Asks: 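My structure is below; once you've seen it, I'll send some questions.
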Amino acid sequence: MARILLVDDEPRMLSLMNSLLKAEGYDVMSVQDGNKARDLLNTEIFDLMISDIRMTPINGMELLKISRGVRPTMPVIILTAFGSVETAIEAMKLGTFDYVTKPFKMDELLITIQRALEYSRALSENLELKEELVGRYKFENIVAESPAMRHVCEMIKRVAPADTTVLITGESGTGKELVAKAIHAYSRRKDKRFLAVNCAALPEALLESEMFGHMKGSFTGASANKEGLFETASGGTLFLDEISSMPIGIQGKLLRVLQEKEIRRVGGNDDISIDVRVIAATNTSLESLIQQGKFREDLYYRLSVIPIEIKPLRDRQDDILPLVYHILRHETPEGKDLPKLLPETKDMLERYTWPGNVRELENAVKHAITFSVEGKITPDVLPPRILNQIQPLAKPNASTDPASDPYRNKSLKSFLREREREYLEQVLSLSKGDKEQAAKSLKISLATLYRKLPGAPE
Ligand SMILES: Nc1ncnc2c1ncn2[C@@H]1O[C@H](COP(=O)(O)OP(=O)(O)OP(=O)(O)O)[C@@H](O)[C@H]1O
Ligand SMILES: [Mg+2]
């Protein structure tokens with residue numbers, strides 16, 4: 001039975017949590033006084049501590065520091081008042097497992113407790129796992145170790161329950177869609193649909209009928225009535241991706257929909273009321289589009305009731321390795337060992353600038369897995385564009401030790417072949433994986449390209 005130390009100076013809260021946790025079968029020791037908690041931490045062993053943050057004379061932060069000293073692997077859950085996220089983030093930096101904002105639902109706390117206990121179990125079963133668990137702060141599969149990304153998770157938790165429109169901004173590949181899905185998953189709409197439409201992918205007329213639906217005969221090809229995404233997503237969430245590309249004519253219609261909560265199908269006369277939450281995303285600044293007269297200012301204000309900005313990966317280095325492990329775990333079949341990341345490789349991954357953000361990182365890790373030898377991810381199996389930008393740090397004696405030379409004992413044929421593959425990878429990535437286009441620009445046949453690609457026989 002897991003043993004929990006519960007600390008809160010509010011007696012009613014303390015006794016309520018005490019009885020609920022006992023009812024769940026936990027062995028609970030609850031104390032109101034921080035001094036007493038400190039003594040207990042020094043003399044007894046607990047599997048988990050749950051502590052309020054604002055207490056006198058010893059507050060939760062101090063208890064957390066004490067616990068790090070005596071039992072560094074014991075997970076700690078911090079209870080914090082709604083709105084004091086900054087303190088919670090400070091606590092996370094000191095190694096708190098998670099925090100729960102008051103007032104909270106008991107279910108939420110119970111789930112966090114379960115996760116914390118699972119985490120500490122895994123940790124004590126195998127300390128080797130420690131490295132893989134760097135990405136322990138996970139939220140709907142969102143890796144968030146950096147303060148910037150934790151803030152995004154906090155925003156998700158806060159805005160999800162409301163029905164407000166959210167505008168997510170961030171460079172390509174930063175995780176905008178992932179965040180939109182998490183908001184949906186944490187909202188009361190979670191059992192209804194999450195539908196997405198890419199505003200850049202369709203010409204104006206099609207986009208309009210896709211969003212609002214149309215009536216039979218309203219345009220050539222409209223052979224039957226069709227409901228639009230706003231109707232189909234009823235009760236759920238509609239994700240308007242690349243909203244910056246939405247033609248100005250549709251922007252006006254969307255604004256009306258957001259204000260009136262009604263749509264009218266193309267060619268229709270009836271107003272149909274709808275209940276849909278709208279989340280929009282953009283990777284270009286809407287402000288500058290407004291100045292150029294390409295985006296309606298009034299729509300911008302409607303959409304950005306709650307703005308969430310996702311920083312580029314290069315500005316949140318703390319997320320890089322946890323993301324790498326997250327992807328490695330995802331790509332490794334169950335029961336198999338994770339490939340091992342060599343320190344030089346980690347260093348290069350952390351120093352690269354990731355213009356394509358997390359999506360580029362995903363591709364790089366998959367590439368590295370494909371080329372890894374004996375389960376080791378060495379720097380030379382990273383994609384060429386990373387190798388071209390980042391020089392591995394010189395290892396001690398590297399220049400004097402001939403064994404460290406990657407080209408030693410290589411035949412000219414295998415050297416050329418390696419270089420050829422790197423070049424092919426580069427061309428393929430420029431053509432976004434389109435092999436036909438790549439073959440054309442290389443002036444070779446598609447069959448030859450296939451033969452030369454990784455996986456083909458030597
Ligand atoms: N913090 C994160 N944790 C785990 N996976 C992430 C994270 N951020 C992004 N990803 C993954 O990276 C990939 C790209 O994310 P997503 O498609 O959400 O980005 P995007 O901002 O919508 O990109 P684009 O602008 O190109 O459409 C996805 O596979 C997503 O799961
Ligand atoms: Mg996207």
Side-chain angles (χ1 to χ4, degrees), residues 89 92 98 115 132-157 159-160 166-186 194-202 207 229 237-246 278-286 289 303-304 307-332 338 349-350 352-369 383 386 429-430 432-434:
I89 288 173
M92 296 294 294
D98 205 348
R115 281 178 37 227
E132 301 162 29
L133 282 167
V134 189
R136 66 190 181 278
Y137 185 74
K138 281 228 227 105
F139 177 73
E140 276 300 305
N141 265 329
I142 300 180
V143 174
E145 286 292 321
S146 64
M149 209 55 207
R150 281 188 189 163
H151 178 70
V152 168
C153 290
E154 187 56 36
M155 291 289 284
I156 297 174
K157 277 193 199 171
V159 306
V166 180
L167 178 67
I168 307 172
T169 56
E171 286 181 7
S172 182
T174 46
K176 296 184 292 295
E177 184 150 358
L178 188 68
V179 166
K181 283 180 177 157
I183 295 174
H184 175 74
Y186 271 74
F194 173 94
L195 296 180
V197 59
N198 184 333
C199 303
L202 298 172
L207 180 62
L229 291 169
T237 305
L238 183 59
F239 179 53
L240 302 176
D241 204 358
E242 304 206 31
I243 187 94
S244 53
S245 303
M246 181 176 273
V278 170
I279 302 180
T282 177
N283 55 21
T284 40
S285 147
L286 293 183
L289 291 180
L303 288 173
S304 61
I308 296 187
E309 185 200 351
I310 313 182
K311 292 249 184 304
L313 190 54
R314 62 183 165 280
D315 292 341
R316 42 187 175 98
Q317 252 206 349
D318 291 353
D319 287 335
I320 296 177
L321 290 182
L323 275 165
V324 172
Y325 282 109
H326 173 77
I327 300 159
L328 284 177
R329 271 196 299 277
H330 191 259
E331 294 297 313
T332 308
L338 285 196
L349 291 169
E350 283 189 308
Y352 182 61
T353 51
W354 302 110
N357 294 295
V358 186
R359 183 170 297 112
E360 183 182 7
L361 180 71
E362 273 182 350
N363 293 337
V365 174
K366 287 182 195 165
H367 176 106
I369 297 175
I386 301 181
S429 95
L430 281 175
K432 301 203 169 59
D434 184 341

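Order of appearance sets the numbers: ligands from 1, and atoms from 1 within every ligand. Just so it is clear, the model here is predicted, and its values are computed rather than measured.
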Asks: For T353, check side-chain hydrogen bond (donor to acceptor under 3.5 Å, both in side chains) against everything at least two apart and list the hits.
Replies: Q389
Asks: Quick check on ligand 1: any N or O pairs to the protein under 3.5 Å? One line per pair.
Replies:
unit_1   : atom_1 : unit_2 : atom_2 : d
ligand 1 : 1 (N)  : V143   : O      : 3.0
ligand 1 : 3 (N)  : V143   : N      : 2.8
ligand 1 : 17 (O) : R359   : NH2    : 2.9
ligand 1 : 18 (O) : K176   : N      : 3.4
ligand 1 : 18 (O) : E177   : N      : 3.1
ligand 1 : 18 (O) : L178   : N      : 3.0
ligand 1 : 19 (O) : G175   : N      : 3.1
ligand 1 : 21 (O) : T174   : N      : 3.3
ligand 1 : 21 (O) : G175   : N      : 3.1
ligand 1 : 21 (O) : K176   : N      : 2.8
ligand 1 : 21 (O) : K176   : NZ     : 2.8
ligand 1 : 22 (O) : E177   : N      : 3.2
ligand 1 : 23 (O) : G173   : N      : 2.9
ligand 1 : 23 (O) : R359   : NH2    : 3.4
ligand 1 : 25 (O) : K176   : NZ     : 2.7
ligand 1 : 26 (O) : S172   : OG     : 2.8
ligand 1 : 26 (O) : G173   : N      : 3.3
ligand 1 : 26 (O) : R359   : NH1    : 2.7
ligand 1 : 29 (O) : E362   : OE1    : 3.1
ligand 1 : 29 (O) : E362   : OE2    : 2.8

Asks: Classify the ring geometry of Y352 against W354: parallel below 30°, tilted from 30° to 60°, perpendicular beyond 60°.
Replies: perpendicular
Asks: Is it true that E177 and K181 have a side-chain N and a carboxylate O under 4.0 angstrom from each other?
Replies: yes
Asks: Going by salt bridge (Lys or Arg N to Asp or Glu O under 4.0 Å), name the residues that satisfy it together with E171, two or more places apart in sequence or in a different chain.
Replies: R314
Asks: Taking only residues two or more places apart in sequence or in another chain, which ones pass side-chain contact (heavy atoms from CB on, under 4.5 Å) with P307?
Replies: none
Asks: Go through the side-chain N and O atoms of D319 and S146 and say whether any donor and acceptor fall under 3.5 Å apart.
Replies: yes
